[in-house]
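Report on one structure; see the data block that follows.
These numbers come from the heavy atoms of this one structure, side chains and all, not from hydrogens, waters or symmetry mates. In this chain, residues are counted from 1 in sequence order.
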Amino acid sequence: MKQLLEFLGVILLIQGAMGLTHELTGWLRGWGAVQHLPFADGYELYLSIALVVLAFAVFAAAESRKSG
C-alpha cells in the first residue's frame, strides 16, 4: 500500500508541475492532464497548485504507513 501511495504521489506531483510549467511559461503544451479537462477552463493554475499540495499530502500519508 505504501508503494501505491508513493506512486500516486509521484503522478500527482508530475501532473501538477507540468500544469504549473505550462501556465507560467507556456511550455509543455498538451502534456499535462489539467489542460485537457473542459470543466477546469480558467482554473488550470489553481488546479495545478492543488495537485502539488495533494501530492505532498499523499507522500505524508505514505510515510505514516508501515512498509509491509
Side-chain angles (χ1 to χ4, degrees):
M1 184 68 163
K2 183 177 178 178
Q3 290 178 344
L4 178 66
L5 287 173
E6 289 173 346
F7 177 73
L8 181 62
V10 167
I11 297 299
L12 290 171
L13 184 64
I14 290 171
Q15 288 297 318
M18 286 195 316
L20 284 174
T21 302
H22 173 70
E23 289 300 315
L24 298 176
T25 64
W27 298 347
L28 301 175
R29 179 175 221 152
W31 278 48
V34 175
Q35 289 82 25
H36 297 289
L37 299 174
F39 61 85
D41 193 31
Y43 298 101
E44 291 91 355
L45 179 64
Y46 304 114
L47 188 56
S48 297
I49 292 170
L51 284 176
V52 171
V53 171
L54 183 61
F56 285 113
V58 170
F59 286 140
E63 283 299 314
S64 70
R65 301 292 256 164
K66 293 182 180 177
S67 62

- [ ] Under the side-chain contact (heavy atoms from CB on, under 4.5 Å) rule, collect the residues that match up with Ala40, sequence neighbours excluded.
- [x] Leu37, Leu47

Task: Those residues that, when tested against Phe56, pass side-chain contact (heavy atoms from CB on, under 4.5 Å) (two or more places apart) - done: Leu13, Val52, Phe59

Open item on the list: Keeping Glu6 on the side-chain end and Leu4 on the backbone end, is there a donor-acceptor pair under 3.5 Å?
Closed with: no

Task: Point-to-point distance, once rounded to the nearest 0.5 Å, from CG of Asp41 to CD of Gln35 - done: 11.0 Å

Task: Straight-line distance of Leu12 CG to Phe7 CZ, nearest 0.5 Å - done: 10.0 Å

List the atom pairs, with distances to 0.1 Å, where a side-chain N or O of residues 14-24 and a protein N or O form a donor-acceptor pair under 3.5 Å, not counting sequence neighbours.
{"unit_1": "Gln15", "atom_1": "OE1", "unit_2": "Ala33", "atom_2": "N", "d": "2.6"}
{"unit_1": "Thr21", "atom_1": "OG1", "unit_2": "Ala17", "atom_2": "O", "d": "2.8"}
{"unit_1": "His22", "atom_1": "ND1", "unit_2": "Trp27", "atom_2": "O", "d": "3.2"}

Task: Closest non-hydrogen atom pair, Ala61 against Arg65 - done: O-CG, 3.2 Å

